Amino acid sequence: MGCLARILAFNRNNGVLFFRITSDLVPFASHPVMDFPWQDHFRGMFEDIGKFIKKSGMRVSMHPGQYTLLNSNRETVFDNSVKDLEYHTQVLDLLETDSKAKVQIHVGGVYGAKLDAMDRFVRRYETLSKNLRKRLVIENDERNYSVMDCIEIHEETGIPVVLDTLHHEVLNNGESIPEVLAQISKTWESRDGAPIVHYSSQQPGSRPGAHAKTLDVSHFRQFLKNVEGMDFDVMLEVKDKNHSAVKAIGIAGAEFQ
DNA sequence: CCATGTCAAGGTCAC
DNA sequence: GTGACCTTGACATGG
């Protein structure tokens with residue numbers, strides 16, 4: 001918690017206004033071994049940090065890991081996933097963030113029958129708590145569910161869709177980035193805030209879809225030029241986090257002068 | 001200093 | 001079976 005406060009202070013000083021809070025903030029929070037009342041124990045710190053976020057005009061999000069699968073064909077996996085999603089939601093609730101602070105997941109597996117798997121996602125989504133549903137958003141992946149698949153699920157559930165630019169380059173139906181960005185923008189209501197875009201570029205020499213370790217400056221400039229005039233919040237997916245973030249803000253600032 | 005490897009709860013898919 | 005996945009970070013080791 002102390003580290004989170006320091007990170008957010010760094011962010012404010014460097015103009016980083018959109019930040020993904022680590023899922024490890026409370027280790028093992030959704031695991032059966034957890035018997036510590038962390039919610040009460042840290043309540044005051046959550047409040048203080050939440051006030052700082054609000055005062056600084058920041059937006060935060062969280063991203064559960066690859067084990068959180070709402071559409072699994074195994075009930076226990078689904079149950080564990082709900083517990084994990086509830087944990088993530090609780091953190092954002094304890095911070096007293098508004099519904100623009102999101103918990104973001106992928107649609108999940110295919111299990112040899114994609115339509116069934118998508119249908120299962122929709123049905124399960126509808127059983128989730130209201131608190132969770134107001135925060136949950138889905139992101140396209142590079143293997144199973146394209147942006148258009150996500151939009152199909154949006155049409156059934158109203159869930160907003162996050163665009164991951166690199167995943168889209170690997171798995172698509174021929175749409176350009178500006179086209180899909182326009183599409184996913186329509187899935188975000190005003191209470192959801194600006195559409196979220198996960199930006200990264202291909203790591204040279206790695207498998208297609210592998211995220212670059214650091215910001216590719218010229219690629220990022222080109223991306224911004226392509227989507228000029230559109231409103232969204234960018235989350236960088238890079239290893240060297242703050243270094244690339246500060247660089248990206250410098251570039252975006254120069255572009256929009 | 002950098003790169004690499006290992007470990008931490010849980011899943012799924014491609015090879 | 002194994003590796004890969006930004007959920008990622010900490011830490012050790014070797015160059």
Side-chain angles (χ1 to χ4, degrees), chain A residues 1-4 6-7 10 16 18-36 38 60-92 101-114 116-118 120-121 124 135-146 149 162-171 196-216 219-220 234-245 248:
Chain A
M1 294 290 285
C3 292
L4 176 60
R6 285 170 60 196
I7 291 166
F10 171 92
V16 180
F18 185 29
F19 177 69
R20 178 186 296 169
I21 296 173
T22 175
S23 297
D24 284 332
L25 186 67
V26 183
F28 293 82
S30 65
H31 191 277
V33 299
M34 175 54 71
D35 58 356
F36 181 75
W38 57 271
V60 291
S61 68
M62 296 186 81
H63 191 341
Q66 63 268 54
Y67 307 108
T68 299
L69 294 157
L70 269 191
N71 76 342
S72 174
N73 52 5
R74 293 159 55 193
E75 284 294 325
T76 54
V77 174
F78 168 64
D79 291 343
N80 291 340
S81 297
V82 172
K83 287 191 188 91
D84 203 44
L85 289 173
E86 287 290 353
Y87 152 65
H88 285 83
T89 303
Q90 269 185 59
V91 169
L92 296 178
K102 297 302 188 186
V103 174
Q104 176 253 306
I105 57 172
H106 293 285
V107 178
V110 169
Y111 312 94
K114 190 166 176 181
D116 290 347
M118 288 172 77
R120 205 156 49 232
F121 183 97
R124 280 173 148 193
R135 297 203 185 277
L136 200 62
V137 298
I138 50 173
E139 173 188 344
N140 61 308
D141 65 77
E142 79 278 23
R143 226 167 33 188
N144 303 326
Y145 296 97
S146 68
D149 293 329
V162 172
L163 165 64
D164 183 301
T165 61
L166 179 59
H167 293 162
H168 179 70
E169 284 175 27
V170 176
L171 180 66
I196 295 177
V197 174
H198 287 181
Y199 169 83
S200 70
S201 55
Q202 174 66 37
Q203 171 73 19
S206 294
R207 63 163 248 291
H211 295 269
K213 291 192 173 77
T214 188
L215 183 72
D216 181 331
H219 189 276
F220 185 60
V234 181
M235 178 64 58
L236 299 183
E237 303 207 312
V238 289
K239 287 287 181 196
D240 60 352
K241 307 184 184 301
N242 51 315
H243 299 289
S244 284

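All values below come from the heavy atoms of this structure, side chains included, with hydrogens, waters and symmetry mates left out. Numbers restart at 1 for each chain; the letters A, B, ... are given by sequence-line order, proteins then strands. Keep in mind that what you see is a predicted model, and the values were worked out from it rather than measured.
For the salt bridge (Lys or Arg N to Asp or Glu O under 4.0 Å) test, residues two or more places apart in sequence or in another chain that qualify with A:Lys114 are A:Asp149. Residues satisfying the ring pair (Phe, Tyr, Trp, His ring centres under 6.0 Å) test with A:His106, not counting sequence neighbours, are A:His63, A:His167. A:His243 meets the ring pair (Phe, Tyr, Trp, His ring centres under 6.0 Å) test with no other residue; sequence neighbours excluded. Judged as a salt bridge (Lys or Arg N to Asp or Glu O under 4.0 Å), and not counting sequence neighbours, A:Glu86 has no contacts. Contacts of A:Glu139 classified as salt bridge (Lys or Arg N to Asp or Glu O under 4.0 Å), with partners at least two apart in sequence or in another chain: none. Every residue was checked against the ring pair (Phe, Tyr, Trp, His ring centres under 6.0 Å) condition with A:Phe10, not counting sequence neighbours, and none meets it. By the side-chain contact (heavy atoms from CB on, under 4.5 Å) test, A:Ala117 is found to be paired with A:Asn71, A:Tyr111, A:Arg120, A:Tyr145, residues two or more places apart in sequence or in another chain being considered.
A:Glu142 places no side-chain N or O within 3.5 Å of a backbone atom of A:Leu166 that could act as its donor or acceptor partner.
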query = When Watson-Crick pairs (N1 to N3 and N6-O4 or O6-N4) and G-U wobble pairs (N1-O2 and O6-N3) count only below 3.5 Å on both distances, what is the dot-bracket string of DNA chain B, with | for other-strand pairs?
reply = ||||||||..|||||
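On the P atoms, B:dT4 is 13 Å away from C:dA4, given to the nearest whole Å. Nucleotides C:dC6 and B:dA8 place their P atoms 22 Å apart, quoted to the nearest Å. With both ends at atom P, the span from C:dT7 to B:dC1 equals 29 Å, rounded to whole Å.
Every pair tested for salt bridge (charged side-chain N to carboxylate O under 4.0 Å, His left out) that includes a residue from residues 24-33 of chain A fails, sequence neighbours excluded, so the list is empty. Judged as a salt bridge (charged side-chain N to carboxylate O under 4.0 Å, His left out), the pairs with a partner in residues 66-79 of chain A (not counting sequence neighbours) are, in order, A:Glu75-A:Arg124.
Note on A:Leu166: nothing from the nucleic acid sits closer than 4.0 angstrom, heavy atoms only. Residue-level contact check: A:Lys241 touches the bases, meaning some heavy atom is under 4.0 Å from a base atom. When heavy atoms are screened at a 4.0 angstrom cut-off, A:His88 is found touching no nucleic acid atom at all.
A:His219 and A:Ser201 are not linked by any side-chain donor-acceptor pair at a separation below 3.5 angstrom, with hydrogens and angles left out of the test.
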Summary of protein contacts for nucleotides 8-15 of chain B, nucleotide by nucleotide, where a base hit scores B, a sugar-phosphate-only hit scores S (4.0 Å, heavy atoms) = SBBBBB--
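Mapping heavy-atom proximity under 4.0 Å, the span of DNA chain C touched by chain A runs 5' to 3' from C:dA4 to C:dG9.
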